[in-house]
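Note that these values count all heavy atoms, side chains included, but never hydrogens, waters or copies made by symmetry. Naming: A, B, ... by sequence-line order, numbering from 1 per chain.
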There are 2 protein chains.
Amino acid sequence: MQNDRTGESLLFLTDEQLRQGIEAMFFAYRGFTADPDRILEKYNYGRAHHRAMHFINRVPGTNVNNLLKILGVTKQSLNRVLRTLIQDELVTLKIGTKDRRERHLYLTDKGKSLEKQLSTAQSHRMREAYRRVGPDAVTGFKKVLEAMMDSKLQVTYKKLRSS
Amino acid sequence: MQNDRTGESLLFLTDEQLRQGIEAMFFAYRGFTADPDRILEKYNYGRAHHRAMHFINRVPGTNVNNLLKILGVTKQSLNRVLRTLIQDELVTLKIGTKDRRERHLYLTDKGKSLEKQLSTAQSHRMREAYRRVGPDAVTGFKKVLEAMMDSKLQVTYKKLRSS
DNA sequence: TATTTTACGTCAGTCTTGTTGACATTCCAA
DNA sequence: TTGGAATGTCAACAAGACTGACGTAAAATA
């Protein structure tokens, strides 16, 4: 309805600009997932498999609980995905030595190969986008995204950065 | 594995930085949808309903085909959502006067009210993020998102901006 | 040592949201 | 007048999320 000019330093922010940001997120996320989705389809996997593989690759030897926290799904949901990945020999389990209740997850060579394919496709689009807009825009991009996360996820995100 | 320094102007882009961007998108999208999701749950609606309402609000009187292009789903999938929104009197149909096959979609007052609730919640988070990072970061944020869209969606996005 | 808690797996059932395929209706335009 | 476009709808299916309940092994603790 009206421009929203409540705060002192917010003068540059109109409802229209916020709405544009919302729509940009919506459309960009479609692009973000489009390339991996096409590859996954060929193997009869979905985004859930991609996400699991991504973070197992990122944090090799992670236990199930930790992965659950990162992904934000239930164990039943993750388990279904993990089971097929293990059956297909993309992921292996190792029982913890210190705490034998824990299962540590690793990508096999086959798993690493598919993960590489997926991340290459996804990175390619991001690299192209970065190249077109320049480094300053990239800095801003990441800052806004980080500020949009729930605080718990922000912690998770930062932990991953420093690992 | 190794730093990726293939192109001339890409020296600033490492695999690690790209991966951070990917993870930032993943985590931020969770934040992006979290607040509306909580509201939708109370009404027994899902994200699909939110998206439909958002764009019907944005382009009042749009026909079904146009909405399908924006949303990128099948008509059967959209129809299910649309049917419940019409039953619940959040959306109304008007048969086209020029082409009577077309159905033009509008939000009712009730629909506008819920849409407002949802967009307020979503905007609030984005406004906060913007406030924290400052205007330059916001510009970069939008630039990168736009560059990440499929070219067809980029056109759609720009059309919405100028409408 | 006995009990409780934790980590994990699994079975069963449900929901949302997406898909394909087929078919009917309305109606514009050639 | 007829072909094709815009739309609605029925049916069937799948991915991927959820809840709830139950089981097992192992660690932690009382």
Side-chain angles (χ1 to χ4, degrees), chain A residues 26 29-30 33-34 36-56 61-88 91-106, chain B residues 26 29-30 33-34 36-56 61-88 91-106:
Chain A
F26 173 60
Y29 203 79
R30 295 245 289 277
T33 55
D37 280 356
R38 266 187 289 273
I39 296 168
L40 289 159
E41 213 184 331
K42 292 193 286 186
Y43 298 89
N44 278 309
Y45 295 132
R47 272 183 214 172
H49 301 83
H50 182 193
R51 290 195 285 262
M53 293 179 65
H54 174 98
F55 287 107
I56 292 171
T62 178
N63 62 29
V64 176
N65 250 352
N66 185 48
L67 193 55
L68 283 173
K69 277 175 204 158
I70 294 174
L71 294 173
V73 296
T74 58
K75 61 173 180 171
Q76 292 91 331
S77 199
L78 174 59
N79 207 254
R80 177 163 12 104
V81 166
L82 235 37
R83 215 183 308 164
T84 72
L85 290 176
I86 291 165
Q87 272 170 7
D88 296 352
V91 168
T92 48
L93 284 182
K94 282 184 194 167
I95 291 176
T97 48
K98 200 177 165 188
D99 185 335
R100 295 187 50 198
R101 289 170 304 180
E102 293 185 346
R103 278 90 221 257
H104 299 285
L105 303 167
Y106 300 88
Chain B
F26 172 61
Y29 202 79
R30 294 244 291 276
T33 55
D37 280 356
R38 266 188 290 273
I39 296 168
L40 289 160
E41 213 184 332
K42 290 192 287 186
Y43 296 91
N44 278 310
Y45 295 131
R47 271 183 213 172
H49 301 83
H50 182 195
R51 291 196 284 261
M53 292 180 68
H54 174 97
F55 287 107
I56 292 170
T62 180
N63 62 29
V64 175
N65 247 355
N66 183 48
L67 193 55
L68 284 174
K69 277 176 204 158
I70 294 174
L71 295 173
V73 295
T74 57
K75 63 173 179 172
Q76 292 91 332
S77 198
L78 174 59
N79 207 254
R80 190 175 20 211
V81 166
L82 235 37
R83 213 183 312 166
T84 70
L85 290 177
I86 291 165
Q87 273 171 8
D88 296 354
V91 168
T92 48
L93 284 183
K94 282 184 192 167
I95 292 176
T97 47
K98 200 179 166 188
D99 184 335
R100 297 184 50 197
R101 286 169 305 181
E102 292 184 347
R103 277 88 219 257
H104 300 284
L105 303 166
Y106 300 88

[X] side-chain proximity, nearest of [options]:
| X | options | answer |
| --- | --- | --- |
| A:Lys75 | C:dC27, D:dC22, D:dA17 | D:dC22 |
| A:Val64 | C:dG18, C:dC8, C:dT10 | C:dC8 |
| B:Arg101 | C:dG18, D:dA17, C:dC27 | C:dC27 |
| A:Ser77 | C:dG18, D:dA26, D:dA17 | D:dA17 |
| B:Leu93 | D:dA26, D:dG8, D:dC18 | D:dG8 |

Pair A:Thr84-A:His49, side-chain hydrogen bond (donor to acceptor under 3.5 Å, both in side chains): steps then yes or no: CA-CA 9 Å; A:Thr84 72; A:His49 301 83; 3.3 Å; yes
Is the distance from OP1 or OP2 of [N] to the nearest side-chain N or O of [X] less than 4.0 Å?
| X | N | result |
| --- | --- | --- |
| B:Arg51 | C:dT16 | no |
| A:His49 | D:dG16 | yes |
| B:Asn65 | D:dT7 | yes |

Main-chain N/O of B:Pro36 paired with B:Arg47 side-chain donor or acceptor, under 3.5 Å: no
Value in whole Å for how far the [atom2] atom of [N] lies from [atom1] of [X]:
| X | N | atom1 | atom2 | result |
| --- | --- | --- | --- | --- |
| B:Asp37 | C:dT17 | CG | P | 9 Å |
| B:Ile95 | C:dC28 | CD1 | C1' | 15 Å |
| B:Met53 | C:dT17 | CE | P | 13 Å |
| A:Asn44 | D:dC13 | CG | P | 17 Å |
| B:Arg80 | D:dT7 | CZ | P | 19 Å |

Residue closer to the 5' end of DNA chain D, A:Arg100 versus A:Ala48 (nearest nucleotide): A:Ala48
DNA chain D: 5'-proximal contact among A:Asp99 and A:Tyr45 (nearest heavy atom): A:Tyr45
Donor-acceptor pair present, A:Gln76 side chain and D:dG20 base, under 3.5 Å: yes
Heavy-atom donor-acceptor pair, B:Arg103 side-chain to D:dG8 base, under 3.5 Å: no
Using a heavy-atom cut-off of 4.0 Å across all strands, would you classify [X] as base, sugar-phosphate, or nothing?
| X | answer |
| --- | --- |
| A:Arg83 | sugar-phosphate |
| A:His104 | nothing |
| B:Arg47 | sugar-phosphate |

Side-chain heavy-atom pair B:Tyr45, B:His50 within 4.5 angstrom cut-off: no
Side chain to side chain, A:Lys75 and A:Val64, heavy atoms closer than 4.5 Å: no
Output field: ring centroids B:Phe26/A:Phe55 closer than 6.0 Å: yes
